[in-house]
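Per chain, numbering begins at 1; letters A, B, ... match sequence-line order.
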Protein chains: 2
Amino acid sequence: MVTLMTASKSEVAYQLVSERINTGAYSPGYRLVLGTIAEELGCSVVPVREAIRRLEAEGLVHFTRNVGATVAQVDSTLYLHTMQTLMIIEPAATALAADAMDAAWLSKARALNEKMRQCLEDFDPVAFTRMNTEFHQLLYGQCPNPHILDLVQRGWRRLAAMRASSFTHIPYRARESVKEHDALLDLIEGHATPAQIEAACREHRAHTLNSYLKAAGMEPSAI
Amino acid sequence: MVTLMTASKSEVAYQLVSERINTGAYSPGYRLVLGTIAEELGCSVVPVREAIRRLEAEGLVHFTRNVGATVAQVDSTLYLHTMQTLMIIEPAATALAADAMDAAWLSKARALNEKMRQCLEDFDPVAFTRMNTEFHQLLYGQCPNPHILDLVQRGWRRLAAMRASSFTHIPYRARESVKEHDALLDLIEGHATPAQIEAACREHRAHTLNSYLKAAGMEPSAI
DNA sequence: GTACATCAAATCGTATACGATCAGTGTGCG
DNA sequence: CGCACACTGATCGTATACGATTTGATGTAC
């Protein structure tokens with residue numbers, strides 16, 4: 001039989017649910033019923049079940065035995081914790097990726113940041129967010145340690161899911177961000193040590209986190 | 001019917017396989033066959049399958065579609081990557097936990113480190129390793145950020161699994177470790193800032209990592 | 001009107017069954 | 001003699017079926 005199966009059904013289910021959470025189609029608290037999803041996909045519950053458990057392991061859904069799965073609730077604490085985790089790991093990933101940052105890479109990063117600056121002028125926050133994600137991905141993307149890279153990517157993914165699920169909007173610091181990006185690129189261009197890159201990158205993230213904390217009336221992060 | 005089920009079968013399967021990997025009963029490369037494990041547990045393959053996928057998500061087993069699962073191979077690269085990840089996260093966790101370190105906590109930590117010093121005299125490396133794990137757990141255990149705490153615990157768990165699976169033994173630095181532990185406790189007692197605690201803790205970890213790298217004839221870690 | 005027991009519907013958890021896929025082996029042809 | 005192909009056994013992937021558990025509703029006693 002001509003199957004030509006590109007992905008297993010559980011993979012398809014995983015992709016589907018995952019994307020719906022990311023886009024906000026399934027908002028936090030939404031009840032994920034195995035049977036319903038299975039019917040929608042035209043398969044049985046078994047692959048769906050597996051997909052849900054994978055999502056649980058990633059922290060995107062909450063699962064209770066004999067009760068079922070719901071899209072994980074996002075309170076400000078969770079947001080804070082994710083941001084804080086990323087504040088620690090992403091700068092380290094970026095520093096470790098420093099070796100792979102050559103002239104070609106640098107000009108690409110500069111160009112992207114310029115486009116972000118343009119978005120700022122055009123007042124296009126959606127594009128700005130997208131490019132910001134892209135920019136950071138460019139920074140940490142060449143990290144040679146796959147564990148760390150994986151952790152960073154998961155962190156960004158969670159943040160994206162949170163933002164999509166309605167949720168309070170974050171005071172953006174867009175203008176400062178662009179400046180800090182340029183400063184970071186200057187540092188890299190000047191062949192700064194990995195430790196310096198890490199410090200600068202962490203400071204950039206700390207600014208964002210602390211401006212959020214301040215807006216929420218909370219103490220700044222200890223580190 | 002009186003079921004009184006304390007854990008689901010997939011949970012039991014997870015615990016079983018997980019422990020066997022940790023103790024080294026299943027060594028790296030060992031082929032995990034669903035049917036065999038299911039038979040051993042007296043259940044069907046479905047819960048076993050779920051357990052295996054969970055272990056895959058944690059990186060403990062490697063899974064190939066339509067082929068099966070094997071216990072993840074541990075090469076020196078993997079060990080290095082895990083150590084490096086831990087070198088970044090654990091110090092951060094420790095720094096964040098600083099708030100919870102009061103006088104009672106401190107005396108407990110001191111006592112534990114003294115016991116480690118004693119192990120050194122008695123030349124008892126097994127007990128030393130156990131206490132070293134316990135000591136570090138004491139350091140990061142009060143970290144208020146559950147994500148970070150989880151990451152650190154996973155890291156330690158992976159390292160334990162690697163050590164158990166035979167694998168090359170690491171040059172220990174036991175004596176230096178004990179000294180560095182005391183220095184770290186001095187720092188905490190003197191109410192150092194979280195940033196200082198993080199730096200000291202990272203240096204401690206970097207020493208271990210770099211001594212391993214040196215023994216393996218590799219470059220020291222960039223950060 | 002409230003509290004508790006009982007029941008039914010929804011949903012999950014697992015067993016069994018069967019089709020799909022892969023690795024290894026043997027056979028035929030060049 | 002070597003290579004390619006078909007075949008076989010092992011194992012995985014998923015569908016279906018049924019039992020177990022939870023939850024919410026209904027009814028009854030106080």
Side-chain angles (χ1 to χ4, degrees), chain A residues 1-21 25-73, chain B residues 1-21 25-73:
Chain A
M1 193 194 280
V2 184
T3 42
L4 205 76
M5 207 182 292
T6 52
S8 70
K9 305 213 172 174
S10 68
E11 186 63 26
V12 173
Y14 175 82
Q15 297 287 349
L16 179 89
V17 178
S18 179
E19 182 171 326
R20 290 203 178 163
I21 293 176
Y26 291 159
S27 37
Y30 184 91
R31 182 89 188 275
L32 299 166
V33 179
L34 298 187
T36 311
I37 298 171
E39 197 175 349
E40 192 174 352
L41 262 99
C43 70
S44 86
V45 297
V46 182
V48 178
R49 182 183 165 74
E50 192 175 299
I52 298 286
R53 295 310 281 261
R54 271 177 70 190
L55 290 164
E56 189 206 4
E58 291 182 30
L60 278 149
V61 313
H62 177 76
F63 195 90
T64 318
R65 186 171 140 91
N66 287 321
V67 175
T70 54
V71 176
Q73 287 289 351
Chain B
M1 192 195 277
V2 184
T3 43
L4 205 76
M5 209 182 291
T6 51
S8 72
K9 304 212 174 174
S10 67
E11 185 62 27
V12 173
Y14 174 81
Q15 296 288 350
L16 179 89
V17 178
S18 177
E19 182 171 326
R20 289 200 179 165
I21 293 175
Y26 290 158
S27 37
Y30 185 93
R31 183 88 189 274
L32 298 167
V33 180
L34 298 186
T36 311
I37 298 171
E39 197 175 349
E40 192 174 352
L41 263 97
C43 71
S44 85
V45 298
V46 182
V48 178
R49 183 184 165 73
E50 191 173 300
I52 298 287
R53 295 310 280 262
R54 270 177 69 189
L55 289 164
E56 190 205 3
E58 292 183 28
L60 278 147
V61 312
H62 177 75
F63 196 89
T64 318
R65 187 169 158 176
N66 287 321
V67 175
T70 54
V71 176
Q73 287 289 351

Self-check item: By side-chain hydrogen bond (donor to acceptor under 3.5 Å, both in side chains) - contacts of B:Gln73 (at least two apart)
Solution: none
Quiz item: Quick one: A:Leu32 CG to C:dT11 P, roughly how many Å, whole number?
Solution: 12 Å
Practice problem: State which residues pass side-chain contact (heavy atoms from CB on, under 4.5 Å) with B:Ala72; sequence neighbours excluded, sorted by chain then number. | Solution: none
Exercise. Under 4.0 Å between any heavy atoms, over every strand shown, what does A:Ser10 touch: base, sugar-phosphate, or nothing? Just pick one.
Key: sugar-phosphate
Exercise. Please name all residues satisfying side-chain contact (heavy atoms from CB on, under 4.5 Å) with B:Thr36, sequence neighbours left out, ordered by chain then number.
Key: B:Val33
Exercise. Round to a whole Å and report the spacing from CD of A:Glu50 to C1' of D:dT14.
Key: 10 Å
Practice problem: May I ask you to decide whether B:Glu56 forms a salt bridge with B:Arg53, counting only side-chain N to carboxylate O separations under 4.0 Å? | Solution: yes
Quiz prompt | Rounded distance in Å - CZ (A:Arg53) to C1' (C:dT14) | solution = 13 Å
Quiz item: Of the residues in residues 34-49 of chain A, which ones touch DNA chain D at a heavy-atom distance under 4.0 Å?
Solution: A:Cys43, A:Ser44, A:Val46, A:Pro47
Quiz item: Whole Å only: how far is the CD1 atom of A:Ile52 from the P atom of C:dG13?
Solution: 11 Å
Exercise. Send over the distance from B:Arg31 CZ to C:dG24 P, rounded to a whole Å.
Key: 9 Å
Quiz item: A:Thr70: what forms a side-chain contact (heavy atoms from CB on, under 4.5 Å) with it, not counting sequence neighbours?
Solution: A:Arg31, A:His62
Self-check item: For B:Glu11, side-chain contact (heavy atoms from CB on, under 4.5 Å) partners two or more places apart
Solution: B:Ala7, B:Ser8, B:Tyr14, B:Gln15, B:Arg54
Self-check item: Whole-Å gap separating P (D:dG13) and CD (A:Glu11)
Solution: 12 Å
Quiz item: Quick one: which of D:dT21, D:dC12, C:dA23 gets closest to the side chain of A:Asn66?
Solution: D:dT21
